[in-house]
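Start at 1 and go down the list; that is how both ligands and their atoms are numbered. Just so you know, residue 1 is the first one in the sequence shown, and it goes up from there. Just the heavy atoms: all of them, side chains too, but no hydrogens, waters or symmetry mates, feed the values below.
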Amino acid sequence: MMTTDTVAEHQPFQAEVAELLHLMVHSVYSETDIFLRELISNGSDALDKLRYEAIAAPDLTADGEPPRIRIVPDKKAGTLAVVDNGIGMDRQELIDNLGTIARSGTKSFLARLTEAKDGAGLIGQFGVGFYAAFMVADRITVTSRRAGTNEAWTWISSGGNGFDIAPASDDDAKRVARGTEIVLHLKDDAKKYLETYEIERIVGAYSDNIQFPIELKPEEGEPRQVNSASALWQRSKSELKPEDYTQAYRSIAGAYDEPAMVLHYRAEGRQSYAVLLFAPSTKPFDLFEPTRKGHVKLYVRRVFIADDADLLPGYLRFIRGVIDSEDLPLNISREMLQNNPQLAQIRKAVTGRVIGELESLAEKEPETFTKIWDAFGSVIKEGIWEDFERREKLLALSRFTTTSGEKRALKQYAEALKPNQTEIYYLVGDSIERLKSNPKLESATARGIEVLLLTDPVDAFWTSAPLDFGGKPLKSLSQGDVDFGLIPLLDDGAADKEKPAAADEAATIAVIKDVLGDRISDVRASQRLTTSASCLVAGGTGQDRALERLLAQQNRGAVTKPILEINMRHPLVAAIAGQQDAARDLSLLLLEQAQILDGELPEDPAAFASRLNELVLRGLGKAV
Ligand code: ADP
């Protein structure tokens, strides 16, 4: 039924879309070819969706038309059409899907796109999809009919000014019996995309493994299929070349980089399923968006079911690919996926395989593994906290920057322990540089003890679990007591620095406690310091100070009172007990400098500055 109102309705684009289109049109991306891959990929998704919906509603495909994507160049008209007979879009879907971007992180993506030179790479990470067509077309006409409905709609846009939407003309509606026809009115400098060899080249390079037939309809002659149209994951490993995997990765993940790891196998036994998974070699921009979903697609006997079936745990959310089950029922609803015991088994087994593959990569191709670790280590470490069962394996897989200046595995760390060292030491903070100069390292450094320097936000979290590696507990240098007494100093001369000081420890501590009152929970002589005067540490139980601070920033907890550790051999500390007038200022200074060294501000920075000035002037013998 055609609507009587055939007047086109004009609608503006959502601001983000307008901005994106502006960038696509005005920046010069060398890789304009990608538009075709994006449109083919949308067509393939639409065919997947139709096949899925037809399980519950077989009428949708009762016409018996085999699924296909057809590419139709028309030199006379200067147009290139990409046509699919998939699920199609109704009026509202056209407006929503081709007028807005419903993706988290769009703003930050646009900001980066504006700055970046490597536009296509970023576009691949984000998947601008349909809008990429505006790189090659100055006008796009989309005619679409939602499967099972009797209305077709036409959407037209020249980019900038939004789009018009109207019921399709009778001719157009007849031609588009189901699915979507996208007609690109090519720009003058994009006319090469009308050449059949160009089209075949692009399909071959980017879309060969789309599992539906892609047909090229030359201006004369019958349409012919130009891709191999088989589900690559169902083919045997021996038939496939590295290039095949790269292409499959790029088309499945919508990416442009190389896969750093490929895992392709078939599980047989209680359950049969094919697995084709990839680890990217670059970090997607939205890795830490809270709404980012997993990216492993679930198929059942080659029918696409869902792309957010939680097939891998959150800490492997960078892995992309496909799992195709032979046993799950085809009519499994997306809601049922959550508690399905068969899926839970698959998830467990595949998670184990992915970790096993990462382990063997770390051993056999350490450079490739390092690439993956550098991009995704901060995500994998979430698993140390979340996945109790695999904690040990994940710890072993982890690489840490240490005071040795290298990135090391705990295994290497454990092989280089100092005599009598029974613990693995670490320090959490926000930058390696700042951590390196943290006084809490002094005593460890004097003994040549290696310390892990942890600077990812997630480090504050996983370290809050009680952990050990090979029987050696992990221990924070900013929490609880440390006792290096049995570990020899590197340089005997340094022993002098560690000799007990002459100052009266009890008296000094009493004075400082009196001044600082309830700003701290305790004052004690430090085993950690050799040259600095003071530092702040957390109590032996409870949270590390780095985690506390992080949680407090997010209003998820209060900061508890720290312990002030003082270096009894430091002249400033030694001076306190004997001082009447300056004892108060010196005590406050010990607290405040410890705060600054931890990257915090003193509670009252102005008072701190004037106190410091006073002390300096007094030291210079000037009156204040
Ligand atoms: P993406 O494919 O990454 O979601 P696009 O901008 O390419 O982003 O497309 C936006 C949405 O428009 C798609 O999610 C889909 O719902 C719809 N769409 C695009 N092309 C088609 C098509 N050929 N058939 C049906 N729906 C489509």
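At a heavy-atom distance under 4.0 Å, no atom of Glu93 approaches ligand 1. Residue contacts with ligand 1, taken as heavy atom pairs separated by less than 4.0 Å, involve Asp84 solely via side-chain atoms from C-beta onward. Contacts of Thr180 with ligand 1, taken as heavy-atom pairs under 4.0 Å, involve the side chain alone. Contacts between Glu38 and ligand 1 below 4.0 angstrom, taking non-hydrogen atoms only, are absent altogether.
Between Phe130 and ligand 1, a contact under 3.5 Å exists for at least one N or O pair. Residue contacts with ligand 1: Asp45 is placed with no nitrogen or oxygen under 3.5 Å of a nitrogen or oxygen of the ligand (distance criterion only).
The six-membered or imidazole ring of His264 lies near that of Tyr245, with a centre-to-centre distance under 6.0 Å. Ring centroids of Phe13 and Phe163 are separated by less than 6.0 Å, placing the two rings close together.
For ligand 1, the atoms lying closer than 4.0 Å to a non-hydrogen atom of Gly129 are 7 (O). Every atom of ligand 1 is numbered from 1 in the order shown, and the set under 4.0 Å from a heavy atom of Ala46 is 24 (N), 25 (C).
Among residue pairs with one or both ends in residues 211-221, those qualifying as salt bridge (Lys or Arg N to Asp or Glu O under 4.0 Å) are Arg70-Glu215; sequence neighbours excluded.
In this structure Gln234 satisfies the side-chain contact (heavy atoms from CB on, under 4.5 Å) test together with Ala231, Arg266, Ala274, Arg302, Asp324, Glu326, sequence neighbours excluded.
Ionic pairing of Arg224 and Glu200 is present here: one or more N-O contacts between side-chain nitrogen and carboxylate oxygen are shorter than 4.0 angstrom.
Nearest heavy atom pair, residue Gly129 against residue Glu38, reads CA-OE1, 3.2 Å.
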